[in-house]
Amino acid sequence: MNIAPSYWEKSRWLMPADVLVVGAGLAGLWTAYEIKRRSPKTRVLMLERSAIPTGASTRNAGFACFGSPSELLHDATIMGESAMLGVVEMRYKGIQKILQTFGETAIGFEPCGGYECFENWPLDYADQLALLNKLLQPVAGNANSFSIANDQLAGFGMQGFAGMVASKAEGALHSGMYVSALSKLVASMGIDILYGEEVLGYEQYGNKFSVATSTHQFEATQIVLATNAYLPALAPSLHVKPARGQVLVTQPIPGLTLRGTFHFDEGFYYWRHLEDNRILLGGARNADIAAEETTEIKTSGTIQTALETFLIRHFPQHFNAQNMQQQVALRWAGLMAMSETKLPIVQQVEPGIWAMMCCNGMGVALTPIMAEKLAEQVLTNT
């Protein structure tokens, strides 16, 4: 129900915006930041449907993700070697930009390194790693981005794996602290973020847009759509495939020696330690791909059972079928957006309407760099 605005509201929060950003998750926040940083006089307004941005930004696993070698090798077959390297470079630069902007403490960052685990060690994997390292050297400035680390498996308390590869380029962060710090930074620049304003649609009149929410009417010269898996609701022409990501977090585990971010099965399973000796485990989407192409933010028995089975197999000293329900403290789901090519997309939808989309599960690292490209396009269009 629309509410008639007061004089004070109309002359402060409801003033016409030069750029209206829909969605206050990582994509929207970084885009607003880059536009305002480059053009301080531009009036940027952000609208967020929820009290907390609840798509992927605060519901992910908190990986500052460089990528696992199997995933990168697979991506090269899908998008081509050059495009794969371009995406990895964006991730690498994105992580560096996050740290340069906030430091480690404000976002709970841990330079713990990343690992990929294998139940069956690929026959020619050492040769594949050598080739991948050579390709990645110009991107990461490191001739040894990935190294075999089988000797560390036992120390992490994991069982049922035949081998492991390590990367120093990856780390972990606290997603809530990260989004909070970025929100405060954006607000400090004079950008208003209005929560509880779900955008229902927009109409163009002349060279302006009228944007309707459940409570107010806004006016903007340009609109940036940064609503992730919900994008088709506002721009049906966009080919965005939702992908639900499910997570569980265990109770604190006395004596847990696990430290780092871990990947398995080309990234379909991912896990890490939390600071209070819990294990966060997510993924298993490939146990029921079709059912996970949804915008429903709820967990499912199929995926949660697959995650539980994973814990029992690889951490049998802590988990079994009898104690599993007592050992799990939290379960949740978040929403990713996928592209057919696995390439992240910055796109003009129509004159004056822009979209950032399809981070393919890597939004933490990709959005800071994607926002630079999008901000440049938006400001060039003014």
Side-chain angles (χ1 to χ4, degrees), residues 26-27 30-31 33-34 37-38 63-104 107 109-118 122 124-150 152 163-173 260-263 266-267 270 338-347 356-377:
L26 293 174
W30 274 114
T31 300
Y33 167 82
E34 283 297 332
R37 183 181 69 82
R38 294 159 187 250
F63 282 38
C65 211
F66 181 75
S68 65
S70 289
E71 175 217 350
L72 301 186
L73 289 167
H74 177 67
D75 285 353
T77 65
I78 295 175
M79 64 180 70
E81 192 176 277
S82 177
M84 178 275 286
L85 292 173
V87 174
V88 176
E89 183 174 16
M90 289 175 67
R91 293 179 192 170
Y92 181 78
K93 289 181 176 178
I95 295 170
Q96 301 309 307
K97 182 175 177 177
I98 293 166
L99 292 172
Q100 290 164 7
T101 304
F102 298 107
E104 294 184 1
I107 60 174
F109 184 84
E110 294 184 64
C112 53
Y115 303 87
E116 180 173 25
C117 298
F118 298 87
D124 60 344
Y125 212 58
D127 293 337
Q128 292 185 61
L129 287 177
L131 174 60
L132 190 57
N133 281 335
K134 184 177 180 180
L135 292 172
L136 290 170
Q137 183 170 5
V139 171
N142 184 350
N144 197 28
S145 291
F146 296 111
S147 58
I148 296 173
N150 297 343
Q152 296 183 54
M164 186 169 71
V165 174
S167 168
K168 293 182 178 179
E170 191 158 298
L173 51 75
T261 61
F262 296 83
H263 307 259
E266 294 182 357
Y270 43 90
M338 302 292 189
S339 64
E340 294 294 336
T341 62
K342 288 199 72 177
L343 288 168
I345 299 171
V346 170
Q347 178 179 321
M356 182 194 293
M357 54 191 177
C358 300
C359 293
N360 302 291
M362 301 291 174
V364 169
L366 286 174
T367 48
I369 306 304
M370 293 173 69
E372 294 176 0
K373 179 180 179 180
L374 181 52
E376 181 180 350
Q377 293 183 12

Counting distance only, does the side-chain N/O of Glu266 pair as donor-acceptor with the main-chain N or O of His74 below 3.5 Å?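 No, the answer is negative, given that no donor and acceptor are paired below the 3.5 Å cut-off.
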
Donor-acceptor check, side chain of Glu170 to backbone of Phe66, threshold 3.5 angstrom: yes or no?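 It does hold such a pair.
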
Go through the steps for Lys373 and Glu376 under the test salt bridge (Lys or Arg N to Asp or Glu O under 4.0 Å), then give the verdict. CA-CA 5 Å; Lys373 179 180 179 180; Glu376 181 180 350; over 6 Å; no

In terms of heavy-atom contacts, does [atom1] of [X] have more than 12 from other residues, nucleotides or ligands at under 6.0 Å?
X: Lys93; atom1: NZ; result: no
X: Lys342; atom1: NZ; result: yes
X: Glu104; atom1: CD; result: yes

Determine the minimum heavy-atom distance between [X] and [Y], stating which atoms define it.
X: Ile95; Y: Ala64; answer: CD1-O, 3.3 Å
X: Asn142; Y: Asn144; answer: OD1-N, 2.8 Å
X: Ala365; Y: Cys65; answer: CB-O, 3.7 Å
X: Met338; Y: Asn360; answer: CA-OD1, 3.2 Å
X: Leu136; Y: Val88; answer: CD2-CG1, 3.8 Å

I'd like to know whether Tyr125 forms a ring pair (Phe, Tyr, Trp, His ring centres under 6.0 Å) with Phe118, so could you lay out the CA-CA distance, the side-chain angles of the two residues, the decisive distance to 0.1 Å, and finally the verdict. CA-CA 11 Å; Tyr125 212 58; Phe118 298 87; 4.8 Å; yes

Tyr270: side-chain hydrogen bond (donor to acceptor under 3.5 Å, both in side chains) partners, not counting sequence neighbours: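 By the side-chain hydrogen bond (donor to acceptor under 3.5 Å, both in side chains) rule, Tyr270 matches no residue at all.
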
Qualifying residue, where the test is ring pair (Phe, Tyr, Trp, His ring centres under 6.0 Å) with His263 and the options are Phe146, Tyr115, Phe63: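 Per the ring pair (Phe, Tyr, Trp, His ring centres under 6.0 Å) rule, the option paired with His263 is Phe63, out of Phe146, Tyr115, Phe63.
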
